[in-house]
Protein chains: 2
Amino acid sequence: MSAHPPDFSAAARLPYGTRRVSRARAAIAEAASEMRGAFTAERLHERVAREHPGIGLATVYRAVAAMTEAGYLARVGARDGAALYAVCASEEHHHHAVCESCGAVAPVACTLVRAALPPGFAVTHHELAIYGMCADCARRSGEVGA
Amino acid sequence: MSAHPPDFSAAARLPYGTRRVSRARAAIAEAASEMRGAFTAERLHERVAREHPGIGLATVYRAVAAMTEAGYLARVGARDGAALYAVCASEEHHHHAVCESCGAVAPVACTLVRAALPPGFAVTHHELAIYGMCADCARRSGEVGA
DNA sequence: GCTCCAAGTGAGAGTCATTCTCAGTTACGC
DNA sequence: GCGTAACTGAGAATGACTCTCACTTGGAGC
């Protein structure tokens, strides 16, 4: 129909590696970067659909899978059977601490100690999910309680 | 119908805490103790149903939930969207290393280091799933490969 | 031994997150 | 502009797990 050169933010290409830059993926990547803390695929879809109605849930799942594979997003746990994702702060291997009160996500250095493993066990991958309450929320709940 | 005093193994009572000892739960606890390594609820059901046809999947799920709550079983990860369980070796807090080749499960001491967490973050709970290959399987695959 | 009753059970429908399918659309290299 | 493969939307399919409800049964009290 038109020959407009697509002008989606160049940054939008990054989360997906070398794949094509589509309008839907650019919108999903932008929405993900604007989410505060951990989110489910469905909440991300809600947010995307607010500004771009018509983008399907399947497309969001596909984009999340692509971004996770590219290391831009990480699975940081699960809530009520739904996977929780968050934008990764660094590309180095790390884990995440999720505040159950406000949903904030903080990076946590990996503390997997090889000596704790059974002798000869070769780790291929591991997952650590940490849940709790961040300092801000703890202070706030302390003020209310006091 | 009869007044036979139920003679289910006394040990079968333990995995469920103080609850009643029923034929189905005794069978499920026994089957769980005979499983090698990690297993899904469905595989446990298959095994139970082999010797006790008629025991429903819902009953197995309920028994697994009760045993997990009682600390006799632990969720050691997930495979293809299904939860993996294993019999807990000790009652102390620990994690599990799962061999992806043979399914064997080995206890791993918790190495969560408080210093690695963001300052002020209060951990309520955490989950660590470690996947890899146990020494036996590594040796075996090495022999084949060599 | 008998009775009572709450815990436990079986069957299967329901729920929900996630994946799959497929025809149509579109970004992008040429 | 064209060709094509990657991507998309819609919704059906899948699969793990939970819920409901009428029925059964273990175990305590008498």
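Throughout, protein chains are lettered first and strands after them, A, B, ... in sequence-line order, and every chain is numbered starting at 1. Bear in mind that the values here come from a model prediction, so they are computed numbers and not experimental data.
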>> Closest approach to the side chain of B:S22, judged atom by atom: which nucleotide of C:dT21, C:dG12, C:dT9 is it?
In response: C:dT9

> D:dA10, C:dT18, D:dC19: which one has an atom nearest the side-chain heavy atoms of A:A83?
Replying inline: C:dT18

> Going by modelled atom types, is there a donor-acceptor pair between the base of D:dG26 and the side chain of B:R25 at under 3.5 Å?
Replying inline: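 For B:R25, whose side chain was compared with the base of D:dG26, there is no donor-acceptor pair (under 3.5 Å).
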
> Do B:H96 and B:L84 come close enough that some side-chain heavy atom pair is under 4.5 Å?
Replying inline: no

>> Please determine whether a side-chain nitrogen or oxygen atom of A:T59 lies at a distance below 4.0 Å from atom OP1 or OP2 of D:dG9.
In response: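 Yes, within the criterion.
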
> Want to settle it: does B:R62 or B:Y85 sit nearer the 5' end of DNA chain D, counting the closest nucleotide to each?
Replying inline: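 Going by which nucleotide is closer to the 5' end, it is B:Y85.
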
> If you look at every strand shown and take non-hydrogen atoms under 4.0 Å, does B:L57 touch a base, only sugar-phosphate, or nothing?
Replying inline: nothing

In whole Å, what is the span from the [atom1] atom of [X] to the [atom2] atom of [N]?
X     : N      : atom1 : atom2 : answer
B:R79 : D:dA16 : CZ    : P     : 12 Å
A:E42 : C:dT18 : CD    : P     : 9 Å
B:L44 : D:dC17 : CG    : P     : 12 Å
B:H45 : D:dA16 : NE2   : P     : 13 Å
B:Y61 : C:dG8  : OH    : P     : 20 Å
A:I28 : D:dG9  : CD1   : C1'   : 11 Å

> How are the rings of B:H93 and B:H126 set relative to one another: parallel (under 30°), tilted (30 to 60°) or perpendicular (over 60°)?
Replying inline: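 Geometry flag for B:H126 against B:H93: perpendicular rings.
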
